[in-house]
Number of protein chains: 2
Amino acid sequence: MTSQEVLMDPETTDDKSRVRLWLRLLRASRAIEGELRERLRTTFNVTLPRFDVMAALYREPDGMLMSQLSKYLMVSNGNVTGLIDRLTTDGLVQRTLRDGDRRTSVVLLTEAGRENFEIMAASHRAWVNELLSHFTTKESEVLAETLKVFASDWEGEAR
Amino acid sequence: MTSQEVLMDPETTDDKSRVRLWLRLLRASRAIEGELRERLRTTFNVTLPRFDVMAALYREPDGMLMSQLSKYLMVSNGNVTGLIDRLTTDGLVQRTLRDGDRRTSVVLLTEAGRENFEIMAASHRAWVNELLSHFTTKESEVLAETLKVFASDWEGEAR
DNA sequence: TTAAATTATTTCAAACATAAAATATCTAAG
DNA sequence: CTTAGATATTTTATGTTTGAAATAATTTAA
């Protein structure tokens, strides 16, 4: 027994299994993400980041601040600026200045953006269902509950 | 009961739970990935993609082909080219032409690259352990087994 | 009130990433 | 042997992403 081991909690001594779990988690999400990216591109000619932004905005009909989008999507502020710029150019999203705070701009989907997203969302939902078909509804619920801890651990923090 | 539902297997009818699972999976891996990215940057001044490449090469002392790296990391060929270019410039990686096939180049870590990686890997392992500390060793093993299906579903396919 | 600190967003440079096209090499059919 | 097709990699154009710095507006405190 090494000097390291005696200092460790037996439950946390063997860190190999957690590293393996992390690698599996990462590979699973990359595989699914890659497949969804590919299907969104070939079917709707849309990139995954753009779809993600539209999905976030669709859930909030009153719009979101740039900083809320950044936090929700877990990407940097500058990234959101560029994405919204391009989506605005394409008429899918608009910035409005209805606040008393002139630093902020409320971003929301245009009517074209909503229609566009609804069509894509139906396919997206079906694809996710297909790609996760290894899991029954019950298993999905259990697993989702297991993973709940993470989002909440960091969510709310700026990055 | 709608016309849709009668056509579906009862086990797969309710797709909401799978979509929720996907979103949780994605948020969990993004949160962990973001935290690791930040720590690698501030502690070792290295980017996550560079760490990932070095980790892949460390496992293969005899080196890997560009296409193997691309497949293993699930990123495009062009992306690997750029990463290896930059790592080569910094003396952490080298291309060798020891094959009878002049199209291919075998990439491997330099001695400096191996030393550099070993130092980072120790911290990385500890960080993963910390970030996944919600899971006991047993839970990690069970969960990793559950996620095993995915990687193998797509792995081996070119992207 | 005014200056300092804070907050929200954008800009910038560099790196990362994709997909398609180009290049170079190898393999195999004839 | 020649060449058509396949394979491995790089190049190119475009888009995504980060982190730091700059800008602009608001809030706080002296």
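Note that the coordinates shown come from a computational prediction; the quantities given were computed from them, not determined experimentally.
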(Q) I'd like to know if R20(A) and D15(A) make a salt bridge, using a cut-off of under 4.0 Å between side-chain N and carboxylate O. (A) no

Q. NA contact type, Q68(B), heavy-atom cut-off 4.0 Å: base, sugar-phosphate, or nothing?
A. nothing

**Q.** 5′-ward residue of the pair V80(B)/S67(A) relative to DNA chain C
**A.** S67(A)

Q | side-chain N/O R95(B) vs dT10(D) OP1/OP2, d < 4.0 Å | A | yes

Q: Establish, for the pair R114(A) and Y58(A), whether the NZ or CZ atom is under 6.0 angstrom from the six-membered ring centre and no further than 45 degrees off its axis.
A: yes

Q: Using whole Å, report how far CG of L97(B) lies from P of dC26(C).
A: 11 Å

Q | Closest to the T81(B) side chain, choosing from dT11(D), dT18(D), dT18(C) | A | dT11(D)

(Q) Please pick, from dG19(D), dA25(D), dT9(C), the nucleotide with the shortest atom-to-atom distance to any side-chain atom of T104(A). (A) dT9(C)

Q) How many angstroms lie between CG in L26(B) and CG in L73(A), if you round to the nearest 0.5 Å? A) 10.0 Å

Q. What nucleotide, of dT25(C), dT16(D), dC16(C), holds the atom closest to the side chain of R86(A)?
A. dT16(D)

**Q.** Length of the line joining L65(A):CG and dT26(D):C1', which is rounded to integer Å
**A.** 14 Å

Q: Return the minimal non-hydrogen interatomic distance between L132(A) and I32(A), and the atom names on each side.
A: CD2-CD1, 3.4 Å

Q: Using the closest heavy atom to pick a nucleotide of DNA chain C for each, name whichever of P49(B) or R102(B) lands nearer the 5' end.
A: P49(B)

Q: Can you figure out which of dT17(D), dT18(C), dT26(D) approaches the side chain of S76(A) most closely?
A: dT17(D)

Q.
What is the separation between atom CG on D85(A) and atom C1' on dC12(C), rounded to the nearest whole Å?
A. 14 Å

Q) Under 6.0 Å between ring centres, would you say that holds for F44(B) and F51(B)? A) no

Q | Among dA17(C), dT26(D), dA24(C), the one nearest R103(B) by side-chain distance | A | dA24(C)

Q) Within this structure, what is the CG-to-C1' distance between D52(B) and dA17(C), rounded to whole angstrom? A) 13 Å

Q | Y72(B) OH to dA8(D) P, straight-line distance once rounded to whole Å | A | 20 Å

Q | Atom-pair distance (CD on E33(A); C1' on dA17(C)), nearest Å | A | 12 Å

Q. Quick one: which of dA19(C), dG15(D), dC16(C) gets closest to the side chain of T47(A)?
A. dG15(D)

Q) Which part of the nucleic acid does G78(A) contact within heavy-atom distance under 4.0 Å: base, sugar-phosphate only, or nothing? A) base

Q. How is L48(A) classified with respect to the nucleic acid when contacts are heavy atoms under 4.0 Å: base, sugar-phosphate, or nothing?
A. nothing

(Q) Under 4.0 Å from OP1 or OP2 of dT18(C): is there any side-chain N or O of N79(B) that close? (A) yes

Q: Check the distance between dG19(D)'s P and N45(B)'s CG and give it to me in whole angstrom.
A: 12 Å

Q.
Side chain of L83(A), heavy atoms from C-beta onward: which of dT16(D), dC26(C), dA17(C) has the nearest atom to it?
A. dT16(D)

Q. On DNA chain D, nearest-nucleotide positions of D101(A) versus V106(B): which is more 5'?
A. V106(B)

(Q) Check this for me, if you would: do E130(A) and R39(A) make a salt bridge, where the nitrogen-to-carboxylate-oxygen distance has to be below 4.0 angstrom? (A) yes

**Q.** Shortest side-chain distance from R37(A), nucleotide among dT18(C), dT9(C), dT17(D)
**A.** dT18(C)

Q: Output the single nucleotide from dT18(D), dG19(D), dG15(D) whose closest atom is nearest the side chain of R41(B).
A: dG19(D)

